[in-house]
Each structure stands twice: as structure tokens, then as C-alpha cells.
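As C-alpha cells, the structure follows; a few thoughts come after it.
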Amino acid sequence: MHIFDSVQKTKRKFIPLKEGKVTLYVCGPTVYDDAHLGHAKSALVFDLLTRVLEANGYEVTYARNITDIDDKIIKKAIEQKKDIKTITDFYTEAFHTEMEAIGVKRPTLEPKATQSLEAMIDLIQKLIDKGHAYQTTEGDVYFDTASDSKYLTLSHRIQNEQDRQERIASSAQKKNHADFALWKSVKDNTVTFTSPFGAGRPGWHLECSAMIEKHLAYSDTPFAIDIHGGGADLLFPHHENEAAQTRCGTNHELANYWMHNGFVNIEGEKMSKSLGNSFFLKDALKEYDGEVLRFYLLTTHYRSNFNFSIFTVKLIKTRLDKLYRLKKRLFGLTTCNDDTAFKKELLAELSDDLNVSTALALIDEMISKANETLDTAGKHKLLKRETMANLAYIEEVLGFGGKNPFEYFQFGIDEATKEKINMLIEQRNAAKKEKDFALSDKIRDEILSLGVNLMDTPQGTFWEKV
RNA sequence: GGUGCCAUCGCCAAGUGGUAAGGCCGCAGCCUGCAAAGCUGCUAUCCCCAGUUCAAAUCUGGGUGGCACCUCCA
């Protein structure tokens with residue numbers, strides 16, 4: 001297994017801190033709004049990583065947090081005159097439902113910020129004790145970035161002198177402009193938590209460090225965890241600050257490997273609320289099968305930026321269709337887990353920093369060969385058995401191809417239409433039997449106008465949504 | 001302004017020194033009553049310029065064009 005480490009900027013052989021085990025932490029959502037395609041992409045990438053690590057025989061402990069303390073949540077609660085927990089529970093539930101729809105497995109652990117306050121307070125105290133944090137007269141606690149000689153080495157940034165000069169005036173209480181809040185003092189009666197530092201709320205960088213320490217970290221290794229992941233935008237300042245907190249507050253560095261996934265753009269533009277082009281996952285799921293979205297979002301390498309385009313979804317979907325058509329040909333056969341050369345090659349490609357593209361090329365080749373053999377006369381018992389094993393493996397490692405192939409092609413067609421289609425197919429078959437091809441073609445055109453394509457096969461006439 | 005990323009066939013997309021994977025589309029053929037599906041065959045020298053090398057899409061320098069982060073963000 002090889003992983004591109006976005007801090008060392010090189011592809012490195014993956015060596016776990018403890019043999020046979022992997023600890024993985026990924027920054028999860030702040031539950032104040034619906035998940036968009038970017039959340040989906042990130043969740044998919046690390047879902048795939050987990051599957052590939054497991055296929056390589058590792059026991060993976062995967063933690064993805066739920067941020068349920070945040071100013072944006074409070075703002076929304078006030079706006080909607082609702083309880084904080086009502087808001088966070090609602091969006092957490094929605095997140096889970098939508099992730100399931102795109103085949104993302106639940107992580108091993110899903111710690112919530114509200115359940116980790118003790119760990120956060122504990123970490124702040126350690127940082128103060130070690131001289132890496134200080135409290136201002138206003139009650140805020142800041143991390144002293146000047147006290148950490150390795151600060152900014154994660155994101156390879158250079159402290160900008162001019163920038164520093166400019167900002168000192170606006171934050172007189174901070175020692176250095178780059179210092180970030182560990183604890184924010186809150187004086188009003190909104191949402192506060194008690195702590196030795198006074199009433200307030202934790203800083204957002206703190207939660208991840210604290211939760212990693214509490215739920216995931218080894219105590220006897222130079223790094224707290226094996227792999228830390230998240231979106232490319234989190235490298236700075238979020239991960240930089242996380243790393244600093246852990247480095248200074250504990251006896252180890254944060255993560256041995258860092259992985260950052262690229263961004264999702266919509267039709268060539270950055271997705272953002274201000275541009276009004278946020279593409280919510282729940283809306284995409286109305287238009288497309290969750291599995292198609294999964295497949296589509298995984299076709300581009302995880303580190304590249306991804307341009308979501310309605311035109312391209314259709315283009316890519318035809319590739320997944322091929323897999324399901326093969327599955328239709330083998331419908332009813334029992335699956336098995338035989339070892340095949342294909343499975344070995346597929347895993348080898350995916351183990352090379354999640355090279356999905358070459359894996360898909362292998363899958364296409366496997367499908368073509370299977371179809372070719374099935375086209376010739378014969379029972380092909382071994383080929384069928386191997387193909388079933390291959391398809392099962394694709395589902396296990398890549399997470400698609402597991403549906404009933406007939407239902408897959410019927411996405412978005414309601415029951416009434418299905419009945420109508422079946423009725424028309426019967427009429428057409430009757431006409432064909434009478435060699436009334438003019439009528440049968442007319443019926444086929446009628447079915448096509450419903451957005452459905454027909455296929456005559458030795459097993460009967462099948463239909464697919466176009 | 002600072003830091004960094006990217007540029008491969010009409011479209012999507014691998015490949016980071018050894019002579020361009022795969023998919024879509026297109027064309028030809030097999031199959032089919034005709035189609036669809038499936039199968040077979042065909043289709044790029046890698047943004048531009050210069051350099052290093054026996055050898056470069058892959059390395060170096062310079063352009064041009066995109067983009068990201070530096071502020072909440074997956």
C-alpha cells in the first residue's frame with residue numbers, strides 16, 4: 001500500500017504504527033446545514049481508503065467527528081427559534097441517511113464535540129501548563145504560535161512580516177497575529193460551557209486534537225495516529241493548528257500520514273453559498289441513483305479537483321451500466337469468494353494511492369472478456385464462477401455494483417409507468433410473433449417516448465431507463 | 001501581495017525518465033426482422049519556447065492559460 005502524503009508531498013509506502021492495525025481520523029461535518037457534494041466527495045474518498053486498507057488485511061479504526069458546537073449552529077438556532085440539539089440532531093440524521101445512499105459505511109467511531117468537552121479542557125490545561133497557551137484579560141485562551149518552533153511546517157507556509165504588522169492592531173490581546181483561540185470567553189447568555197478558564201466555548205481547531213487524543217491515539221508511538229484526512233482547504237489553518245496543539249500538548253506528533261482530497265466545483269465554478277450554486281447531496285439524490293453519484297465522484301483521482309457537470313454524469317453512468325448489464329446476464333447465479341487474478345490486480349491498483357482510474361480500466365477489461373466468452377456457445381461454468389467472485393469483490397472494495405441489476409436500470413420510474421411499459425412490451429411481443437413489425441416498431445417508439453430503451457435477448461425483452 | 005496546484009484525443013481520465021491505459025462519442029464489421037445490448041477493428045506524441053539526457057508527457061528554466069489556500073468551509 002502506498003499513500004501520497006500531502007505534508008511530505010511524496011508518495012510513501014504505508015507502514016502502520018502498529019502491525020496489522022490502522023488508525024484513521026477524518027474531519028467530519030459541522031451539522032448546521034445539508035451536506036453538499038463536497039462533503040460527499042470527502043466521505044467517499046475515506047470510505048474507499050478504509051475499504052482498501054481492510055482488503056489489504058488491516059484492522060481499521062476510523063473516526064470521523066461530528067461538530068455540534070459552532071457559531072453557525074447557534075446562529076441557525078436563533079434564526080429558526082429552535083433548540084441547538086434539534087438543529088444538530090436533524091442534520092446529523094440527514095447526513096447519515098445521505099451518506100448511506102451513496103454507499104458510505106459508518107465510521108468505527110463518530111465522536112461529537114459536545115461529548116468531548118472534558119478532553120478539550122484537559123488539552124487546554126496541558127498547553128497552558130507547558131507554556132504554549134495563555135489567557136487574556138478578556139478571558140480568551142490563545143495558543144502561542146511563537147512557542148512552537150515547528151508551527152507552519154505542516155502547510156509549508158512562511159510567516160509574513162508585513163501581514164503580521166498589519167494585524168497586530170486589530171487583535172491587541174494576542175501575542176502574535178497567528179495565535180488562534182483555544183477557548184473563547186462568552187459573556188452573553190447564549191450557549192456556554194463551564195471551564196476552569198471561565199464560561200465560554202471551545203475553539204474549533206481544538207476539538208479534533210482532543211477527540212483524537214481521547215478516542216484514537218496510541219500512547220507509546222511517535223505519532224498519535226497513522227493517517228489524518230480531510231478536504232484540501234483544511235490543511236491551513238485547521239490541520240496546522242491541530243498538529244501544533246497535539247505536538248505541544250502531548251508527547252507525540254499528530255499523524256504519520258496526511259491525506260487531503262481535492263475540491264468539487266460545479267460546472268467549472270467554485271461551489272459556495274454566496275454564488276448560490278451549492279449543490280446539495282439531497283437534491284442530487286433526487287436526480288441520480290446514489291450509486292451513480294458514488295461512481296461518478298470516484299472516477300477522478302481523489303487529490304484532483306473535481307468538476308461536477310450534469311453532462312458528464314450521464315457520460316460516466318454508461319460505464320457503470322456496462323457492469324450492471326453483465327450482472328443481468330449472470331442474474332440468479334450464486335456468488336462466491338474465489339481468489340482470481342483480477343481481484344489481485346484490482347487491489348494492487350487501488351493500493352497505489354487509490355488509483356481508481358486504472359482499477360476501472362481493469363474492470364472494463366474484465367467485463368469485456370466475460371461478455372465475449374458468454375457470447376460464444378457453451379456453459380462457461382468456471383468463467384461464470386470467477387465473474388461472480390469478481391463482481392462481489394468490486395462491490396466489497398469499491399462499493400458499487402451491489403444492486404439488483406434490473407432495479408438499477410429502473411431508477412426514477414414510478415410503478416404506474418412500469419406497469420404500462422410491461423403491458424406495451426407484451427403487446428409488442430404479440431405483434432412480433434405475428435411478424436407485424438410495423439406495429440411492433442410503433443410500440444417500441446411509444447415506449448422510447450417514455451424514456452425507456454428496449455433490449456431483445458434470448459432470455460426475453462428487457463427495458464432500461466435511458 | 002504571499003504560498004501552492006494544474007494544463008494529456010471532441011468529452012471524462014490514467015501514466016512522474018524508456019518510447020501515450022481505460023471509458024464516452026464517431027467510423028467500419030459481426031449479431032438482429034430492424035433496433036438496442038454485446039463483441040471485433042480503427043481514431044492523440046501529451047499548452048508554447050529553450051535546456052539536461054542515449055532517451056522526456058514525465059526533469060530544469062522561461063512564457064501563456066486555469067485554479068486553490070492565506071477568513072468559516074469537505
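We name chains A, B, ... by the order of the sequence lines, and we start the count at 1 in each one.
- A:Arg329 has no side-chain polar atom (N or O) that falls below the 4.0 Å cut-off from OP1 or OP2 of B:G38.
- The number of heavy-atom neighbours closer than 6.0 Å to CD of A:Gln459, taken from other residues, nucleotides and ligands shown, is above 12.
- Across the P atoms, B:U40 and B:G23 are found 9 Å apart, a figure rounded to whole Å.
- Listed candidates were B:G22, B:G33, B:C69. Nearest to the side chain of A:Arg428 is B:G33.
- Nearest nucleotide to the side chain of A:Glu372, out of B:A74, B:C39, B:G22: B:C39.
- Distances shorter than 4.0 Å separate none of the side-chain N or O atoms of A:Thr299 from OP1 or OP2 on B:G23.
- Between A:Tyr62 and A:Phe46, the distance separating the two ring centers is not shorter than 6.0 angstrom.
- Contact check, A:Asn371 against B:C39: a side-chain N or O comes under 4.0 Å of OP1 or OP2.
- Distance from the side chain of A:Thr358 is smallest for B:A14 among the nucleotides B:C39, B:G23, B:A14.
- Closest approach to the A:Met455 side chain among B:G33, B:A74, B:A37 is made by B:A37 (side chain taken as heavy atoms from C-beta onward).
- Within 3.5 Å, no donor on the side chain of A:Asn355 pairs with an acceptor on the base of B:G15, nor the reverse.
- Looking at A:Asp289, A:Asp47, A:Leu293, A:Val292 one by one, the single match for side chain to side chain contact (heavy atoms under 4.5 Å, CB included) with A:Ile102 turns out to be A:Leu293.
- At least one side-chain nitrogen or oxygen of A:Thr300 sits closer than 4.0 Å to the OP1 or OP2 atom of B:A13.
- Taking the side chain of A:Leu315 as heavy atoms from C-beta on, and the options B:C39, B:C24, B:A74, the nearest nucleotide is B:C24.
- A:Arg444 contributes a side-chain N or O that forms a donor-acceptor pair with the base of B:A35 under 3.5 Å.
- The side chain of A:Phe311 lies closest to B:C11 when the candidates are B:A37, B:A14, B:C11.
- For A:Lys322 and B:C24, the shortest distance from a side-chain N or O to OP1 or OP2 is below 4.0 Å.
- Listed nucleotides B:A37, B:C39, B:A74 differ in distance to A:Asp375; the shortest reach to its side chain belongs to B:C39.
- Under the 3.5 Å distance criterion, with hydrogens and angles disregarded, no donor-acceptor pair is assigned to the side chains of A:His96 and A:Glu100.
- Two residues, A:Ala361 and A:Glu464, neighbour RNA chain B, and the one matched to the more 5' nucleotide by heavy-atom proximity is A:Ala361.
- No contact: A:Arg64 has no heavy atom under 4.0 Å from any strand.
- Here the separation of B:G10 from B:G26, taken at their P atoms, is 16 Å to the nearest Å.
- Judged by ring centres under 5.5 Å apart and planes tilted less than 30 degrees, A:Phe263 stacks against the six-membered base ring of B:A74.
- Between the side chain of A:His301 and the base of B:A14, no donor-acceptor pair of N or O atoms lies under 3.5 Å.
- The cationic atom of A:Arg303 (NZ for Lys, CZ for Arg) lies less than 6.0 Å from the six-membered ring centre of A:Phe4 and within 45° of the ring axis.
- Comparing B:C47 with B:C67, their C1' atoms are spaced 16 Å from each other, to the whole Å.
- In this structure, of B:C34, B:G38, B:A74, it is B:A74 that holds the atom nearest to the side chain of A:Val264.
- For the residue pair A:Tyr25 and A:Asn65, a side-chain donor N or O sits within less than 3.5 Å of a side-chain acceptor on the partner.
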